[in-house]
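Throughout, a chain's letter reflects where its sequence line sits, starting with A, and its residues are numbered from 1. Keep in mind it's a predicted model, so treat the numbers as computed, not measured.
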Number of protein chains: 2
Amino acid sequence: MPTIRDVARLAGVSPATASLALRARPGVRALTRKLVEDVATELRYVPNLTGRRLARGRADALGVIQGLNMTTLFSDAFYRLVLSGVGEAVHASDYSLVIAPALRPGVGVDHLMRFVGPGTVDGVLIVGVLDPEWVLAILERGLTVVVVDNHLPGTKVPAVVHDYRGGARLVTEHLLALGHRRVGLVGADVAYPFGWETQDGYRDALAARGLDCDPALVRLTAIGVDAAAAATHGLLDLPDPPTAVVTVTDMMAIGALRAVRERGLRVPEDLAVAGMDDVEISAHTDPPLTTLRVPKEEMGRLAAERLMALSRGESPVPRIAELSGTLIVRKSCGAAGSDPAPEGRATSLGYA
Amino acid sequence: MPTIRDVARLAGVSPATASLALRARPGVRALTRKLVEDVATELRYVPNLTGRRLARGRADALGVIQGLNMTTLFSDAFYRLVLSGVGEAVHASDYSLVIAPALRPGVGVDHLMRFVGPGTVDGVLIVGVLDPEWVLAILERGLTVVVVDNHLPGTKVPAVVHDYRGGARLVTEHLLALGHRRVGLVGADVAYPFGWETQDGYRDALAARGLDCDPALVRLTAIGVDAAAAATHGLLDLPDPPTAVVTVTDMMAIGALRAVRERGLRVPEDLAVAGMDDVEISAHTDPPLTTLRVPKEEMGRLAAERLMALSRGESPVPRIAELSGTLIVRKSCGAAGSDPAPEGRATSLGYA
DNA sequence: TTGTAAGCGTTATCAC
DNA sequence: GTGATAACGCTTACAA
């Protein structure tokens, strides 16, 4: 592997000059630059990033740490789109993207530093939910941190979040606007903001119509297809069952669809079902899901941009950026809608 | 940021000893080691990976370069599972995973070296199809390369591939075994191995039964839902249309399903449809797809392992590793089957 | 068992 | 404009 000294020697200049020339920096004669460049291509010289990083004291790279509320970043229907946005932004700025292993029992924060420690990356993005102590442990290791799709109340950790409260309200209001008066909630029984924000949004919508919240209609369960199916069965077992239900993720909505099907009932005639997230599969269920489109890629993009800014010493404000979703009306609530354009780059960036 | 010299100084030892102690290497007294470790945790010392990489001359990291036959590695239904397997293997070996930006006009191989050049990674995995010249250009830059899901005939580039020929044959045979005699092929009009291998497999199956291959039943199109739908329409327009069709990807099968639906016909009664790949969505179409399960995660895992072995100087044989898929019988061909376990590790988010 | 010293490949500072 | 030279943080002979 030729080094910059090899290039310099063959070009008859010093390494310093060769370095300047190859990076097209001012302060080197055009002729000299040309000479150096020619030698470099001749030698098939590739600058060694590691050397450069050490010398410059920065990596121009970002790390990604996955939260605990997903099995795998790559396979999770929601987060892989966030990751896609991250990749876009990072590469657009000529930063590298480093993926850390998932935290597991046995893989602690210190182990993580062997992959995304200071020096290798200029900061890390925490995607999803991670115990606050762990986040703080990461900060203590000297890394710049931005959290996506979660925030740590009571801390100063910058975050990019989605307005789940407003989103849940929007979805619930849609059902109410369709005339439903008994709307159930299949919520998430989790101890992080997503859990209570979605419940609050649901209650906001009811309250705005002056409706009472019947506790029997609220079921908190694990986030998953099976648990949501069970919860839906529970709702339909009620003496006075709901005519519509909001599930806080689309995968849970798929569970609800299954429960209805298992009873020989139909969606939306017997039960209207609305989800949240708008993942790939949501347009292909039977019937296609009415849901809230969470701007997943945009969240990833924004978070990456903020992290890069932070690593350059800038301080983006506000500390917490909140994006809002949009209602996607398909067929699972009865108000038929044509399928909208798939989620893509051009999304309105509604700060709340 | 404390360095190893800080740790050494405070522990009253030399950097060399501190280095040995912190890496739990032999040749240092237990007491000394304990002392060094204590100082390190006290100082919150995190070893700087960049320094280590430079000193050791290896990165313990792998890069991933995405091929041209996908939009995004993270969002592609097929390749994200390959990537998932890669991540698993890489992290299991304590290697880092670096994602390179997609090659585009303007992002050439040299630009790529700013992300996954020698020094930063010990080798790169090329996922999917890339022009042979580009692969060679990467090799010329001194990187170790393994290609996944494609191979470069006539070169010595190691690869992990899937037996698409055998797979297409398996799927076609399934249709023939069900009694179909006019089986169409919606193949891929592409100039890389996948294209012709799938065609060969289809013909193999027919030949094994002593059937002629009616050229009118073979349609080569772009890989995509719409093109496949159009091709299927073409087949159904024939005076003597097929009673079954094989599409070489599941996304194309979805196009075929749509075409049948658009004509007011039914699957499988009027046309049996079989796909290949078995992506996430394939179990959720209406009807669920009978398809070939390509071991995507396994391919990624194996490729990563081979690349790591290669980077350590070992030479895995054979140069090309070929994996085979398995037939997944669902309902789109009429031979009802219960849905098999999903690919990969059990996930609580498992689809219904 | 421990310390010294020489690199690894690059960039940045400063003379010239 | 260009060239020495000194870092950057770590590992590893080799010497003690």
Which atoms form the tightest heavy-atom contact between [X] and [Y], and what is the distance?
{"X": "R141(A)", "Y": "V46(B)", "answer": "CD-CG2, 3.5 Å"}
{"X": "P318(A)", "Y": "R306(A)", "answer": "O-NH1, 2.8 Å"}
{"X": "V148(A)", "Y": "L125(A)", "answer": "CG2-CG, 3.8 Å"}
{"X": "L97(B)", "Y": "G87(B)", "answer": "CD2-CA, 4.0 Å"}
{"X": "H162(B)", "Y": "E322(B)", "answer": "C-CG, 4.2 Å"}
{"X": "L323(B)", "Y": "E298(B)", "answer": "CD1-CG, 3.7 Å"}

Task: Between CG on residue L139(B) and OG1 on residue T155(B), distance to nearest 0.5 Å - done: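 It is 8.0 Å, given to the nearest 0.5 Å.
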Task: Contact list for DNA chain D against residues 38-65 of chain A - heavy-atom distance below 4.0 Å - done: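 Of all residues in residues 38-65 of chain A, the ones placing a heavy atom under 4.0 Å from DNA chain D are L54(A), A55(A).
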Task: Boundaries of the DNA chain D segment in contact with chain A, non-hydrogen, under 4.0 Å - done: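 Listed 5' to 3', the contact boundaries are dG1(D) to dG9(D).
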Open item on the list: So, using side chain to side chain donor-acceptor pair (under 3.5 Å) as the criterion, who are the partners of R33(A) when residues are at least two apart?
Closed with: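 With neighbours one apart ignored, the set is empty.
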Open item on the list: Applying side chain to side chain donor-acceptor pair (under 3.5 Å), can you list everything that pairs with E133(B), at least two apart in sequence or on another chain?
Closed with: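 Residues passing side chain to side chain donor-acceptor pair (under 3.5 Å) with E133(B): none at all.
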Task: Check: M308(A) main-chain N/O paired with S311(A) side-chain donor or acceptor under 3.5 Å - done: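 Confirmed, S311(A) side chain pairs with M308(A) backbone.
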Open item on the list: Looking at A59(A), is its backbone amide N or carbonyl O close enough to the side chain of D122(A) to form a donor-acceptor pair, meaning the two atoms are under 3.5 Å apart?
Closed with: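 Yes.
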Open item on the list: At 10 degrees resolution, what angle do the end axes of the helix from dT1(C)-dA16(D) to dC16(C)-dG1(D) form when each is taken over five base pairs?
Closed with: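 Roughly 40° between the end axes, to the nearest 10°.
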- [ ] Kindly state which residues belonging to residues 1-10 of chain A come within less than 4.0 angstrom of DNA chain C, counting heavy atoms of the residue only, listed by number.
- [x]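 Heavy-atom cutoff 4.0 Å gives T3(A), I4(A), R5(A).
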- [ ] Identify, residue by residue, the members of residues 18-28 of chain A with a heavy atom below 4.0 Å from DNA chain C, and return them in order of residue number, or none.
- [x]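 Under 4.0 Å from DNA chain C: S19(A), R23(A).
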- [ ] Have a look at G12(A) and say if it touches a base, only the backbone sugar-phosphate, or nothing, with a 4.0 Å heavy-atom cut-off.
- [x]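 Contact class for G12(A): sugar-phosphate only.
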- [ ] Evaluate the side-chain proximity of N48(B) to T3(B): yes if any heavy-atom separation is below 4.5 Å, no if none is.
- [x]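 With C-beta onward as the side chain, the pair stays apart.
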Task: Sequence neighbours excluded - ring-ring contact (aromatic ring centres under 6.0 Å, His included) pairs with any residue from residues 68-104 of chain B - done: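 Those involving residues 68-104 of chain B are F115(A)-H91(B).
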Task: Residue pairs passing the side chain to side chain donor-acceptor pair (under 3.5 Å) test where at least one lies in residues 8-24 of chain B, sequence neighbours excluded - done: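 Every pair satisfying side chain to side chain donor-acceptor pair (under 3.5 Å) with a residue in residues 8-24 of chain B: D6(B)-R9(B), S14(B)-T17(B), S19(B)-R23(B).
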- [ ] Under 4.0 Å from any heavy atom of chain B: name the first and the last nucleotide of DNA chain C that qualifies, 5' to 3'.
- [x]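 Listing 5' to 3', DNA chain C meets chain B from dT1(C) to dG9(C).
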Task: Partner residues of R58(B) under the salt bridge (Lys or Arg N to Asp or Glu O under 4.0 Å) criterion, sequence neighbours left out - done: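 With sequence neighbours excluded, R58(B) shows a salt bridge (Lys or Arg N to Asp or Glu O under 4.0 Å) to D60(B), given in chain and number order.
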Task: From CA spacing to verdict: side-chain contact (heavy atoms from CB on, under 4.5 Å), L62(A), V86(A) - done: CA-CA 10 Å; L62(A) 252 45; V86(A) 170; 5.7 Å; no
Open item on the list: Filter on salt bridge (Lys or Arg N to Asp or Glu O under 4.0 Å), then keep only pairs touching residues 90-109 of chain B, sequence neighbours left out; what's left?
Closed with: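 Of all non-adjacent pairs touching residues 90-109 of chain B, those that pass salt bridge (Lys or Arg N to Asp or Glu O under 4.0 Å) are R114(A)-D94(B).
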